[in-house]
Amino acid sequence: TGTTRPIRILQFVQRCAKHGDALSVISAIDSFCSKVEWAMNVGDKKGEILDAIVLETRPRWVLELGTYCGYSTVRIARLLPPGARLVTIEMNPHYAQVAKEVIQHAGLEAQVELLVGSSSILIPQLKKKLDIEKFDLVFIDHWKISYLPDTKLLEECGLLRAGSVLLADNVVCPGAPDYLHYVRNSPQYQSQYYQSYLEYLQVEDGLEKSIFLG
Ligand SMILES: CCc1ncnc2c1ncn2[C@@H]1O[C@H](/C=C/CNC(=O)c2cc(-c3ccc(F)cc3)cc(O)c2O)[C@@H](O)[C@H]1O
Ligand SMILES: [Mg+2]
């Protein structure tokens with residue numbers, strides 16, 4: 001009975017963040033998760049690296065795997081140029097509902113397409129569903145065992161172009177060893193590690209940026 005952690009995060013956002021102000025939503029979640037209850041958001045330190053890569057990529061189409069409460073969805077969507085779109089996939093309907101309300105509180109619902117379902121089922125449907133050509137940026141932050149199969153699925157579905165950027169969270173903690181080996185050894189990727197820290201903790205973690213060479 002009682003509430004869930006995502007609900008407690010949403011309630012804190014609704015109480016403490018200003019409606020339509022994405023930055024206040026981001027800082028409310030970071031404040032709650034660093035002082036009250038830890039949660040698996042990319043967080044403020046890795047979030048700054050994410051921000052820099054979104055800005056340098058200037059993407060028209062972004063895909064996020066693993067929405068959770070929508071923290072990184074808001075971080076990314078707030079930086080998109082007008083007309084750009086962020087498609088985010090979340091298989092847990094409860095988490096998806098929380099994320100929907102977090103995204104709405106930030107005033108970013110127009111830039112975000114939140115799809116509820118498994119990435120392995122939805123990725124092959126994206127071209128038809130959303131008349132998408134290719135993704136310019138993919139932020140991977142769902143189950144760590146799904147990073148590699150979903151990357152291969154994106155390749156097979158023709159959703160990546162020469163220059164598409166994959167950005168993977170948690171390549172150190174919890175780690176995604178099979179994914180890391182693949183992107184660092186495949187001639188089809190130019191890969192780079194960005195060292196940082198696990199969200200809200202003094203533990204090493206990092207992001208891996210991998211450019212698809214086509
Ligand atoms: C079927 C494919 C598929 N399709 C669609 N949605 C999917 C999906 N597979 C998963 N989801 C959703 O994505 C989110 C899961 C995210 C999983 N993330 C971590 O496990 C993680 C852990 C730590 C950490 C934990 C404990 C520690 F001690 C240290 C570190 C830190 C981090 O930043 C982390 O991202 C949830 O919303 C799932 O519903
Ligand atoms: Mg993560």
Side-chain angles (χ1 to χ4, degrees), residues 3-10 13 26 29-30 32-34 36-51 53-54 62-76 86-103 112-126 129-130 135 137-157 159 166-180 183 193-210:
T3 65
T4 63
R5 182 168 303 178
I7 289 290
R8 292 192 289 275
I9 291 171
L10 174 62
V13 165
I26 292 165
I29 295 173
D30 283 333
F32 184 81
C33 295
S34 50
V36 184
E37 280 190 83
W38 186 92
M40 58 183 177
N41 315 120
V42 73
D44 49 339
K45 293 201 176 99
K46 289 185 286 180
E48 283 177 19
I49 300 167
L50 171 60
D51 290 357
I53 289 168
V54 172
V62 184
L63 174 65
E64 175 179 61
L65 301 178
T67 316
Y68 188 46
C69 295
Y71 174 88
S72 48
T73 320
V74 169
R75 277 207 89 109
I76 296 166
L86 167 55
V87 178
T88 185
I89 296 177
E90 173 52 57
M91 75 186 202
N92 180 313
H94 175 61
Y95 295 166
Q97 183 53 38
V98 167
K100 186 167 180 279
E101 295 185 45
V102 166
I103 293 158
V112 177
E113 189 78 36
L114 173 53
L115 304 178
V116 185
S118 161
S119 52
S120 52
I121 309 283
L122 289 173
I123 285 171
Q125 300 173 359
L126 290 177
K129 259 174 107 90
L130 297 164
F135 285 108
L137 174 64
V138 183
F139 181 57
I140 312 172
D141 193 20
H142 56 345
W143 295 149
K144 309 315 161 195
I145 54 161
S146 299
Y147 282 29
L148 183 53
D150 280 354
T151 296
K152 291 182 173 174
L153 190 56
L154 287 166
E155 293 170 14
E156 287 151 21
C157 294
L159 285 164
L166 304 186
L167 186 64
D169 190 23
N170 310 116
V171 294
V172 168
C173 179
D178 58 344
Y179 172 83
L180 217 42
V183 290
Y193 175 62
Y194 291 74
Q195 179 168 16
S196 186
Y197 294 89
L198 186 63
E199 48 268 30
Y200 319 118
L201 296 171
Q202 289 171 4
V203 169
E204 185 188 341
D205 188 20
L207 302 168
E208 188 84 0
K209 176 184 150 189
S210 308

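Each residue takes its place number in the sequence, starting with 1. Both counts, for ligands and for their atoms, begin at 1 and track the order of listing. Not measured: the values here are computed from a predicted model.
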N, O or S of N170 under 2.8 Å from the Mg ion (ligand 2): yes
The Mg ion (ligand 2) to nearest N/O/S of E199 below 2.8 Å: no
Heavy-atom pair with the smallest gap, counting every atom of S72 and V42: CB-CG1, 4.1 Å
Give the contacting part of [X] toward ligand 1: side chain, backbone, both or neither, where contact means a heavy-atom distance below 4.0 Å.
X    : result
V203 : neither
V42  : neither
Y147 : neither
W143 : both

Atom of D141 nearest the Mg ion (ligand 2) (restricted to N/O/S, atom name only): OD1
N41-ligand 1 polar pair, N/O distance under 3.5 Å: no
Note, D141 side chain near E64 side chain (heavy atom, < 4.5 Å): no
Aromatic plane relationship, H142 with Y147 - under 30° parallel, 30 to 60° tilted, over 60° perpendicular: parallel
Distance-only side-chain donor-acceptor flag, Y200 / D44, under 3.5 Å: no
